Number of protein chains: 2
Amino acid sequence: MSSQQITPSILPGFMELLPREQLVFNKMLATVKESFELYGCIPMDTPIIEKAEILNAKGGEESEKQLYAFKKGDNDLALRFDLTVPLARYVAQHFNDIHFPFRRYQIGKVYRGEKPQKGRFREFYQCDVDVIGNEKLDLFHDSEVLAVIDQTFTKLGIGKFLIKINNRKILTGFIQELNLASKSKEFLRAIDKLDKLGLEKVRLELDQLGLKKEQIQIVEQLVNIQGDPQSVLSQLEYLSVRNDTFVTGLAELAEVTKHIQKLNVPKDNWTIDLKIARGLDYYTGTVYETFLTEHIDIGSICSGGRYEDLANYFTERKLPGVGISIGLTRLFDQLLDLGIVEGKNYTPSKVLIVPVEDTLDYCLNYANLLRSKNIACEVYNDSSTSMRKKLDYANKINVPYVAIIGENEIKDDSVTIKNMTSGEQSTLSFVKSLELI
Amino acid sequence: MSSQQITPSILPGFMELLPREQLVFNKMLATVKESFELYGCIPMDTPIIEKAEILNAKGGEESEKQLYAFKKGDNDLALRFDLTVPLARYVAQHFNDIHFPFRRYQIGKVYRGEKPQKGRFREFYQCDVDVIGNEKLDLFHDSEVLAVIDQTFTKLGIGKFLIKINNRKILTGFIQELNLASKSKEFLRAIDKLDKLGLEKVRLELDQLGLKKEQIQIVEQLVNIQGDPQSVLSQLEYLSVRNDTFVTGLAELAEVTKHIQKLNVPKDNWTIDLKIARGLDYYTGTVYETFLTEHIDIGSICSGGRYEDLANYFTERKLPGVGISIGLTRLFDQLLDLGIVEGKNYTPSKVLIVPVEDTLDYCLNYANLLRSKNIACEVYNDSSTSMRKKLDYANKINVPYVAIIGENEIKDDSVTIKNMTSGEQSTLSFVKSLELI
């Protein structure tokens with residue numbers, strides 16, 4: 001026994017799950033993976049530690065403050081804060097070994113030294129899909145990425161969702177048309193806050209940006225255009241904005257919309273929403289945000305968009321791309337809170353095999369058979385533990401079936417299977433029991 | 001274009017794979033996971049960053065030197081260097097929410113600031129299985145863990161392997177019998193080096209420990225006992241060593257051996273080897289090491305054993321356990337070098353769909369169909385890329401099938417499938433094509 005014991009605990013802002021929840025979380029991870037791969041996305045796994053200069057390449061005070069940076073020997077290191085910078089570094093570094101369009105996904109932990117608070121994590125899983133082109137990337141991929149979002153959330157089965165799509169060029173073109181091109185960035189950021197801050201506050205921001213009352217009204221009219229995709233597109237056409245950027249944005253949105261429909265994304269799962277602007281300057285065309293229809297308040301659960309140039313800090317090659325990211329740790333935490341997902345099974349075992357008295361050998365035959373049929377099981381062998389305690393354990397681990405093997409079962413060459421949900425119990429041959437499980 | 005470009009690179013000692021190898025590696029990870037779960041092992045996922053005091057609890061100069069430790073705010077943090085300390089912390093911390101015996105597995109990255117050299121990694125995957133008891137743990141689990149090793153390497157299909165098993169009590173009991181109990185640790189470490197250093201050097205070490213020539217001879221006789229399990233056990237009995245520890249060790253080994261046989265572990269896959277001692281003081285009973293029969297020189301690919309007390313730094317509860325660990329990153333690197341595994345497919349896509357001219361819509365119908373049947377596919381839509389280039393891409397990504405859809409196919413309501421391995425090409429209906437793929 002150690003005299004100096006340390007209280008076992010983890011750092012705040014880190015998620016650690018108990019088995020029941022872990023199994024649900026892992027199931028979600030597997031679903032996301034499967035869904036991404038169905039679209040031919042290639043798995044990527046980059047180091048969690050990168051050279052600090054790589055992660056700082058893009059700069060940005062906020063991200064530097066949040067960075068887990070440290071020295072080891074003479075090296076300045078840091079933990080990745082997203083999967084996009086590693087992707088940029090990877091594509092630039094391995095350019096000659098990659099074939100374009102490069103569709104990759106990465107599911108992994110990232111680190112941000114945020115102030116820990118409910119729903120904010122310092123270590124969290126991101127699940128990213130990006131398609132990267134060499135010099136050019138067909139617009140078709142913008143539709144495809146939306147289809148990936150649709151399929152992923154359909155398979156996850158966490159309730160109704162709505163993918164909102166827009167094209168930033170429509171907004172930037174519009175502000176150019178108003179002769180306010182220099183305020184373009186601020187304008188987009190203000191629009192992006194509409195859903196969060198409400199109309200009044202954004203009006204104030206636009207006013208501060210120098211938009212006149214009438215201009216603010218026109219902007220309001222623009223972003224409030226609603227309806228099915230065809231109707232939104234018609235209304236946008238009807239505005240007769242001549243600005244090149246606007247016209248390009250509208251044409252892109254029309255094309256992306258067309259292919260989304262052909263990709264069988266159900267009408268109810270997506271919509272054009274001109275209020276979607278995304279805060280990041282990075283995005284240059286299509287942008288996406290995704291909401292749980294019945295829980296809008298938890299915010300976007302999957303966002304992304306099209307960008308002109310992935311890796312300009314690492315290479316002179318122009319690498320346009322389009323991608324999305326799901327912050328799965330935060331989402332999972334919210335789903336747990338909302339009761340949309342809940343821990344069920346404590347174990348992957350489908351069967352707990354319990355020897356009564358000295359029947360272990362026979363039990364092992366049964367375990368071997370189940371495993372050969374890919375049925376996960378475990379044997380509870382401990383002669384010093386009472387039968388009652390063993391069944392108690394079975395209840396605690398919430399195993400679907402208990403297989404009891406005593407002298408009687410051996411005599412009859414059988415096994416007694418107890419369905420732990422229904423309580424039903426029946427004694428049958430090994431082979432027959434497989435039909436039950 | 002950024003004026004200050006940074007050379008994209010990663011730190012030495014970190015493994016980053018290209019898509020072909022990544023797909024093989026991921027397949028191995030999935031096989032390990034599946035194999036562990038078939039034995040009812042519960043997945044665990046702990047933070048990669050732990051409080052430094054947790055990781056330093058056990059001390060050990062070597063591990064402290066290798067630790068990636070740093071500060072963030074006022075907190076002393078460090079990256080986990082194995083999955084065992086996090087397991088100990090987890091079980092102590094969540095004791096009341098865990099049911100025993102607690103069989104868990106964890107697959108995750110760990111960090112050691114080793115001098116980077118061929119085959120040594122600073123970031124690597126460990127795949128661990130441990131079964132932890134509360135106060136006691138039935139010896140049966142020692143057999144079960146060996147069966148998990150056997151099943152995992154059988155499923156991995158990386159060639160013939162041999163799991164060597166021993167019980168440390170036999171060695172410590174034997175050294176007690178020679179009245180050299182005080183040298184027990186050093187003795188075990190010397191024996192552990194037999195396969196690496198050879199007999200001559202170990203003889204010298206034993207000599208320096210104070211063993212007389214005759215004693216060294218007896219030790220040599222002991223560790224050289226060979227044969228099938230029953231024969232080894234008989235030879236050990238025949239030595240008539242009375243020492244309690246030895247007798248217990250022998251009885252344990254006999255029992256573990258018996259259940260291994262009942263668990264259908266093929267005779268050729270395991271053996272008792274009295275030279276297996278393991279370097280770590282941690283182990284107290286059964287110990288395992290695993291070798292690729294045709295590549296003994298790469299060393300043990302899966303090791304572990306029984307320990308008395310998992311978490312004495314974190315709790316007063318006695319938590320005995322038995323477990324094993326596979327260092328998958330290193331193993332994979334070696335398997336690549338040996339040509340035992342090799343990168344094959346560059347993509348999870350089974351079909352690349354290529355529209356000829358303006359047939360995208362029709363292609364998307366086909367893509368929708370394939371995905372609804374869980375067949376991974378991708379559409380290469382880019383009217384500015386020539387057909388030749390698209391087929392070139394198909395060859396590069398090594399996709400098994402290419403589906404070509406032009407005006408003719410649309411007319412006949414069909415698709416032309418090219419088998420990229422055989423070069424065969426046939427035009428058939430959508431539904432018929434599914435039989436081919």
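Quick caveat: nothing in here was measured; it's all calculated off a predicted structure. Below, chain A is the first sequence line, B the second, and so on; all start at residue 1.
Note: B/L38 CG to A/K350 NZ = 12.0 Å, rounded to the nearest 0.5 Å. Rounding to the nearest 0.5 angstrom, the gap separating the CD atom in B/Q93 from the OG1 atom in A/T7 is 10.0 Å. Distance check, rounded to the nearest 0.5 Å: CG of B/L79 to CG of A/L79 gives 6.0 Å. Once rounded to the nearest 0.5 Å, the distance linking CD of B/Q22 with CD1 of A/I42 reads 10.5 Å.
Annotation: maximal heavy-atom pairing with chain A below 4.5 Å, among B/E37, B/M44, B/R103, B/H94, occurs at B/R103. Your options are B/L263, B/V399, B/I54, and the one with the most heavy-atom pairs under 4.5 Å with chain A is B/L263. For the set B/V91, B/N345, B/D97, the count of heavy-atom pairs under 4.5 angstrom toward chain A peaks at B/D97. In terms of non-hydrogen atom pairs under 4.5 Å with chain A, the most contact-rich of B/I397, B/L364, B/I6 is B/I6. Counting heavy-atom pairs closer than 4.5 Å to chain A, the top residue among B/L360, B/L17, B/L23 is B/L360. When B/P43, B/A92, B/S384 are compared by the number of non-hydrogen pairs under 4.5 Å with chain A, B/P43 comes out ahead.
Contact record, A/P19 with B/Y90: CD-OH, 3.5 Å, taken as the closest heavy-atom pair. Smallest separation of non-hydrogen atoms from B/K72 and A/L67: NZ-O, 2.7 Å. When all heavy atoms of B/E123 and A/I49 are compared, the pair lying nearest together is OE2-N, 4.1 Å. Minimum heavy-atom separation, A/Q5 to B/T315: NE2-O, 3.0 Å. Nearest heavy atom pair, residue A/S349 against residue B/G40, reads OG-CA, 3.0 Å. What you find for A/R20 and B/H99 is that their closest heavy atoms are NH2-NE2, 4.2 Å.
Other residues, nucleotides and ligands contribute more than 12 heavy atoms inside 6.0 Å of the NZ atom of A/K71.
Heavy-atom distances place the side chain of A/N75, and not its backbone, under 4.5 Å from chain B. For chain A, no part of B/Q261 is nearby; none of its heavy atoms comes within less than 4.5 Å. Looking at B/Y393, the atoms closer than 4.5 Å to chain A (heavy atoms on both sides) all sit in the side chain, from C-beta outward. Using a 4.5 Å cut-off between heavy atoms, B/P86 does not touch chain A at all. Contact annotation for B/F14: only side-chain heavy atoms (C-beta onward) come within less than 4.5 Å of a heavy atom of chain A. Neither the backbone nor the side chain of B/L137 has a heavy atom closer than 4.5 Å to any heavy atom of chain A. Neither the backbone nor the side chain of B/V351 comes within less than 4.5 Å of any heavy atom in chain A. Interface residue B/K155: only side-chain heavy atoms are found under 4.5 Å from chain A. Of the atoms belonging to A/N381, heavy atoms from both backbone and side chain fall under 4.5 Å from chain B.
Within the structure, side-chain hydrogen bond (donor to acceptor under 3.5 Å, both in side chains) pairs that include any residue of residues 43-58 of chain A comprise A/D45-B/K109, A/D45-B/Y125, A/T46-A/R80, A/T46-A/Q106, A/E50-A/R89, A/K51-B/S9 (at least two apart or interchain).
Salt-bridge check for B/K136 with A/D382: passed, with a basic side-chain N closer than 4.0 Å to an acidic carboxylate O.
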Mind running side chain to side chain contact (heavy atoms under 4.5 Å, CB included) on B/I98 and A/Y346 for me, showing each step along the way? CA-CA 9 Å; B/I98 286 175; A/Y346 174 92; 3.8 Å; yes
